[in-house]
Amino acid sequence: MKETSQPTPAFSLTPSTFRLRRRTPGSFLLIPSVREGRCIRCQGQLEGKTALILAACPAVKLLQEQPCQIWYEWDTTSNDVIRLFDEPQRLSRRKVRLRTSYIVPDFLVETRRHQRLIEVKPSRRLHKPDTMRKLSVARLYAQQNEMTFHIVTEQHLSNQPLLDNVRQLSRYSRFESDDCLVRAILDVIPLAGTPYSQLATQLKQPESVLTWHILHLLATHRLSADLIRHSLTTDYQLHPEGVHEWDPFESVWAPNGSLTDGSGELFDNPALKC
């Protein structure tokens, strides 16, 4: 698609523009976020799974759903995005080929170094004309405001153990732990890490009690592990806080996986191929 527009003002964080999109299929979900001190409101299972990972990610500093409305003008004969603007504008009758509309991005994510605009879409819809136009608007807005733009599909969410690990940890974020056992666990784990099985032998605690405390410490980032490559249902390696600060945008969702190029097409990425 051809995209031309004047730069829009730099993005500033405002209260969420979340509204229940009644025409959007799927369930309405609330995803707890300890960092935000509230629940992230999502529509549909894909948005919910994405929010679950983002809410648990130690690299994410802020997560906001439906952060803004992006108004745009487009050519009905070619589907080209002509211009972005800050608020609705009434078109002249002479511009009979043009229409105005807006999109609401699914998520804004802020990390230490980046702001990222996220759209969550089923892969089967990516090449539909309406979807391509809307993704083009989101990408153009992100470029003008020095953000990276990402599309997350069901393939990004299901082809690795991260989602299952995060689901498991989310149950233990508010677990009432034993302070003495917590200190014992933290004291015996070296910087180089130790396998879970070895820790169980060292501390001589009931396996269920030890597992609950370890999952709580992982959920609250007081311990770290490679959640992207290793399942928590196997013998995984435990490390002190901060050793594995995983970020899906720099691993399973990137560099090419969920990032779009200037043509509106996804990069050639095996993760998107069935």
Side-chain angles (χ1 to χ4, degrees), residues 3 5-74 81 83-89 100-122 125-126 130-153 156-157 247-250 253-254 258-260 264:
E3 300 171 358
S5 175
Q6 296 298 316
T8 55
F11 186 87
S12 60
L13 296 180
T14 58
S16 171
T17 62
F18 185 91
R19 61 188 178 83
L20 183 60
R21 300 186 298 261
R22 299 189 181 279
R23 294 183 181 179
T24 302
S27 51
F28 176 61
L29 305 175
L30 294 174
I31 305 299
S33 173
V34 175
R35 178 181 52 244
E36 304 295 332
R38 64 182 180 89
C39 286
I40 306 300
R41 296 163 292 184
C42 307
Q43 285 194 255
Q45 293 296 325
L46 288 184
E47 279 191 26
K49 292 175 182 178
T50 304
L52 191 64
I53 290 175
L54 294 174
C57 178
V60 172
K61 298 305 175 186
L62 179 104
L63 172 60
Q64 190 173 14
E65 71 277 40
Q66 295 193 22
C68 61
Q69 289 182 343
I70 304 174
W71 286 88
Y72 67 99
E73 186 176 274
W74 59 287
V81 176
R83 186 167 61 101
L84 304 185
F85 41 81
D86 296 329
E87 57 186 22
Q89 294 186 7
T100 62
S101 188
Y102 69 89
I103 65 167
V104 179
D106 291 323
F107 298 107
L108 171 73
V109 174
E110 188 173 291
T111 65
R112 293 188 186 94
R113 295 177 295 169
H114 302 287
Q115 282 192 335
R116 306 182 191 274
L117 204 63
I118 316 298
E119 279 290 338
V120 182
K121 298 290 183 187
R125 292 176 51 193
L126 291 181
D130 284 353
T131 301
M132 292 180 67
R133 183 184 74 247
K134 293 174 182 178
L135 294 178
S136 179
V137 171
R139 184 179 61 254
L140 183 59
Y141 182 88
Q143 289 173 348
Q144 291 181 356
N145 290 282
E146 298 183 345
M147 303 178 190
T148 57
F149 172 57
H150 299 261
I151 302 169
V152 177
T153 72
H156 297 112
L157 297 168
D247 184 345
F249 296 105
E250 296 181 0
W253 294 355
S258 60
L259 193 65
T260 60

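The two residues Cys39 and Leu30 come nearest to each other via the heavy atoms CB-CB, 3.9 Å. Minimum heavy-atom separation, His150 to Arg116: NE2-NH1, 3.3 Å. Taking each heavy atom of Ile103 and Pro105 in turn, the nearest pair found is O-CD, 3.9 Å. The two residues Gly48 and Cys42 have their closest heavy-atom pair at N-CB, 3.9 Å.
Note that CG of Leu54 is 11.0 Å distant from CD1 of Ile31, once rounded to the nearest 0.5 Å. In this structure, OG1 in Thr50 is found 11.0 Å from CD in Glu119, a value given to the nearest 0.5 Å. Note that CD of Glu47 and CD1 of Ile40 are 11.5 Å apart. Values are rounded to the nearest 0.5 Å. Atom CZ of residue Phe249 and atom SG of residue Cys57 lie 7.5 Å apart, to the nearest 0.5 angstrom. Distance CG/Leu62 to CZ/Arg35: 8.0 Å, rounded to 0.5 Å. Taking CD1 from Ile118 and OG1 from Thr148, the interatomic distance works out to 6.5 Å, rounded to the nearest 0.5 Å.
Looking at Arg133, its side chain never comes within 3.5 Å of a backbone N or O of Trp74 through a donor-acceptor pair. Between the side chain of Asp106 and the backbone N or O of Val120, at least one donor-acceptor pair lies under 3.5 Å. With hydrogens and angles ignored, the 3.5 Å screen pairs no side-chain donor or acceptor of Gln66 with any backbone N or O of Val104.
By the side chain to side chain contact (heavy atoms under 4.5 Å, CB included) test, Ala142 pairs with Leu117, Met147, Phe149, sequence neighbours left out. In this structure Arg112 satisfies the side chain to side chain contact (heavy atoms under 4.5 Å, CB included) test together with Lys61, Glu245, sequence neighbours excluded. Under the rule for a salt bridge (charged side-chain N to carboxylate O under 4.0 Å, His left out), Lys49 has no partner lying at least two apart in sequence or in another chain.
The side-chain heavy atoms of Ile70 and Leu140, taken from C-beta on, include no pair separated by under 4.5 Å.
Relative ring orientation between Trp71 and Tyr102 is described as tilted, the plane-to-plane angle lying within the 30° to 60° band.
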